[in-house]
Structures are given as structure tokens and as C-alpha cells.
*Asks:* 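One structure coming up, written as C-alpha cells, with questions to follow.
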Amino acid sequence: MSQNQMPDDPLQELLDRRRIWAEKPQLRLCYERWAAMMRPYLAPGGLLEVGSGSGLSKELFPEVLLCDIVRAPWLDFRADCMRLPVGDSSIENVIAFDLLHHAADPHSFLTEAARVLKPGGRILLMEPYITPVSYVGYKALHHEDVYFGGYHKIPEGGAKVDPWQGNLAVANVVFNRMAAEWETRQPDLRIVRRDLLSFFDFQMAAGFKPRAYVPMGIYRLLVKLDDVLGLLMPLLAFRIFLVLEKKS
Ligand SMILES: C[S@@+](CC[C@H](N)C(=O)[O-])C[C@H]1O[C@@H](n2cnc3c(N)ncnc32)[C@H](O)[C@@H]1O
């Protein structure tokens with residue numbers, strides 16, 4: 001969600017996102033491309049998405065089970081990502097689009113996801129990422145914090161961080177700044193892959209805003225350019241794709 005605090009009516013926010021998803025082919029193409037990138041890294045077997053929000057993943061991965069901290073009729077169950085109502089070692093894959101940077105404690109979410117995974121199972125994450133260019137872009141176009149000092153900026157007065165507070169730099173904090181702590185914090189997980197991506201795709205689709213910045217014909221060309229910008233992604237990327245695997 002673009003806002004940085006719980007909306008008055010979270011369900012209405014999710015309904016608005018479902019409508020925009022249905023009406024905007026650029027956004028669907030963006031997610032279809034991300035899903036195509038993710039599929040080869042899924043372990044054979046079941047799939048749970050955490051922080052599913054508007055539930056768009058059901059179109060990308062028809063077999064997926066959906067849950068979110070917000071209750072909505074299209075979700076299979078309600079769950080806090082740090083306390084999943086799922087047994088130990090019971091599923092092959094946990095996926096999450098844009099959840100990690102909302103979790104009050106991202107490492108607790110990863111530990112919880114590792115608990116529910118079978119050995120060899122995988123966590124696939126698609127998250128915002130800060131590079132020199134995306135720093136400027138996110139600051140100009142987006143409302144969420146970009147904060148490197150911890151998981152989340154503590155609001156003045158020390159109020160509890162709410163589940164809709166996001167920090168776009170969380171992946172940088174967890175996977176770069178805290179990298180030396182990985183083995184201690186996540187002894188059961190190894191990082192299989194981390195790819196930087198997304199210069200044009202989500203940005204030119206204007207995310208979940210009602211209108212894309214360019215018509216579909218131009219959009220198709222721009223996203224093809226994303227595919228050839230590989231070596232420049234450490235400068236340009238707005239996103240990181242991560243594959244984590246539960247050790248056997
Ligand atoms: C940016 S939205 C992403 C929604 C969806 N994955 C998508 O890509 O459209 C973040 C979602 O994470 C959910 N969320 C935030 N904190 C959560 C938590 N602790 N446990 C589960 N879901 C949470 C929010 O309710 C929201 O639906």
C-alpha cells in the first residue's frame with residue numbers, strides 16, 4: 001500500500017486495489033513477469049502466500065493459499081506473518097510480494113516462514129530495494145519511509161508501529177546492513193538467489209495508482225528494456241527478488 005499508516009477502511013483499500021488490478025493491463029503484465037521469474041525457483045509442492053492483500057496472486061499461481069493480517073472474503077485465512085496458524089514443516093513454499101517491508105520484525109517473519117517449511121522448501125520474496133536511482137525515485141513518487149537506521153522509523157512518542165507502516169529500505173537493512181548476522185538469526189535458511197530488477201515495470205505502471213504513466217504499447221517496449229539493463233541494476237533497480245531455502 002502506498003500510504004504509511006493503517007487506512008480507515010483497509011478492506012475498501014484492498015477492494016480498490018482489486019479494481020485497479022482488473023482495469024490496468026500494465027500492472028497485470030508487471031506481476032505476470034515477476035511470477036514468471038519466480039516459478040522456476042518454487043520447490044515442487046504446495047504454496048502459501050503471506051500478506052496477500054488484494055489476492056491478485058491467485059491469478060498468477062492458481063494453486064496458492066492466501067492469507068493476510070486484514071480479513072477479506074477472497075483470502076483463505078487471516079494470519080499475522082509472525083505467527084502463522086500452520087504446522088511445523090508442513091508446506092513446500094512461502095511467497096510474499098511487498099510484505100517484508102511491512103512486517104514489524106522482518107527476521108521474525110523469516111523465522112516463522114522457516115518453521116512452517118519442509119526441509120528443502122523455499123521462501124520467495126519480491127521487495128522494494130534502494131539503489132542510488134531508486135532512492136531518488138521512491139523519495140519523489142512514494143509515501144513510505146526510506147530508512148536505513150533499523151526496520152522501521154519509530155513514530156514520535158514511541159507509538160506501536162502499525163502493520164501498514166512500510167520502510168522501503170528493509171531489504172537493504174536485512175540483507176546488506178545486517179548480513180553478518182544472517183547465520184545467527186536464520187540458522188535454518190540459506191540464501192539461494194538475490195536478483196536486482198525493475199527500473200521501468202512497476203514504476204511505469206504507476207503501481208496501484210488508477211492510471212499507468214504510458215499506454216500498453218509503449219509499456220511493452222519499456223519492460224523489455226528492463227531485461228537488458230542487468231549490469232546497471234545495482235545503480236537502477238527498484239526491486240529485489242530473493243530465494244531462501246530451508247536447510248535439510
Ligand atoms: C503492500 S501490501 C501487498 C499486498 C499484496 N501482496 C500485493 O502485492 O498486492 C502489504 C500487505 O501486507 C499485509 N500485512 C502487513 N503486515 C502484516 C503482517 N504482520 N502479517 C500479515 N500481513 C501483513 C497488509 O495488510 C497488506 O495487505
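Note that ligands are numbered from 1 as they come in the structure, with each ligand's atoms numbered from 1 the same way. For reference, positions follow the sequence shown, starting with 1.
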*Asks:* When you look at CZ of Arg19, are more than 12 heavy atoms from neighbouring residues, nucleotides or ligands closer to it than 6.0 Å?
*Replies:* yes

*Asks:* Heavy-atom distances under 4.0 Å are what count here, so tell me which part of Ile69 touches ligand 1: side chain, backbone, both or neither.
*Replies:* both

*Asks:* Please check if the number of heavy atoms outside Tyr147 that lie under 6.0 Å from its OH is greater than 12.
*Replies:* yes

*Asks:* Closer than 4.0 angstrom: is that true for some heavy atom of Tyr31 and an atom of ligand 1?
*Replies:* yes

*Asks:* Could you tell me, atom by atom, which parts of ligand 1 come under 4.0 Å of a heavy atom of His102?
*Replies:* 1 (C), 10 (C), 15 (C)

*Asks:* Tell me whether ligand 1 is touched by His101 - counting only heavy atoms on the residue side and a distance under 4.0 Å.
*Replies:* no

*Asks:* Any salt bridge between Asp195 and Arg193, counting N to O under 4.0 Å?
*Replies:* yes

*Asks:* Hey, is Ser52 touching ligand 1 through its side chain, its backbone, both or neither, going by heavy atoms under 4.0 Å?
*Replies:* backbone

*Asks:* On the ring face of Tyr129, is Arg239 found with NZ or CZ under 6.0 Å from the centre and within 45° of the axis?
*Replies:* no

*Asks:* Can you sort out which atoms of ligand 1 are near Asp80, meaning under 4.0 Å from one of its heavy atoms?
*Replies:* 18 (C), 19 (N), 20 (N)

*Asks:* So, Glu144 and His102: side-chain donor and acceptor under 3.5 Å apart, yes or no?
*Replies:* yes

*Asks:* Between Ser57 and ligand 1, which residue portion shows a heavy-atom distance shorter than 4.0 Å: side chain, backbone, both, or neither?
*Replies:* neither

*Asks:* If we only count N/O pairs under 3.5 Å, is Glu49 in contact with ligand 1?
*Replies:* no

*Asks:* Salt bridge or not for Arg28 and Glu32, using N-O below 4.0 Å?
*Replies:* no

*Asks:* Just let me know how Phe202 lines up against ligand 1, side chain, backbone, both or neither, with a heavy-atom cut-off below 4.0 Å.
*Replies:* neither

*Asks:* Could you check whether Thr111 and Ser108, counting side-chain N and O atoms only, form a donor-acceptor pair closer than 3.5 Å?
*Replies:* no

*Asks:* Hey, which atoms in ligand 1 end up nearer than 4.0 Å to a heavy atom of Val70?
*Replies:* 25 (O)

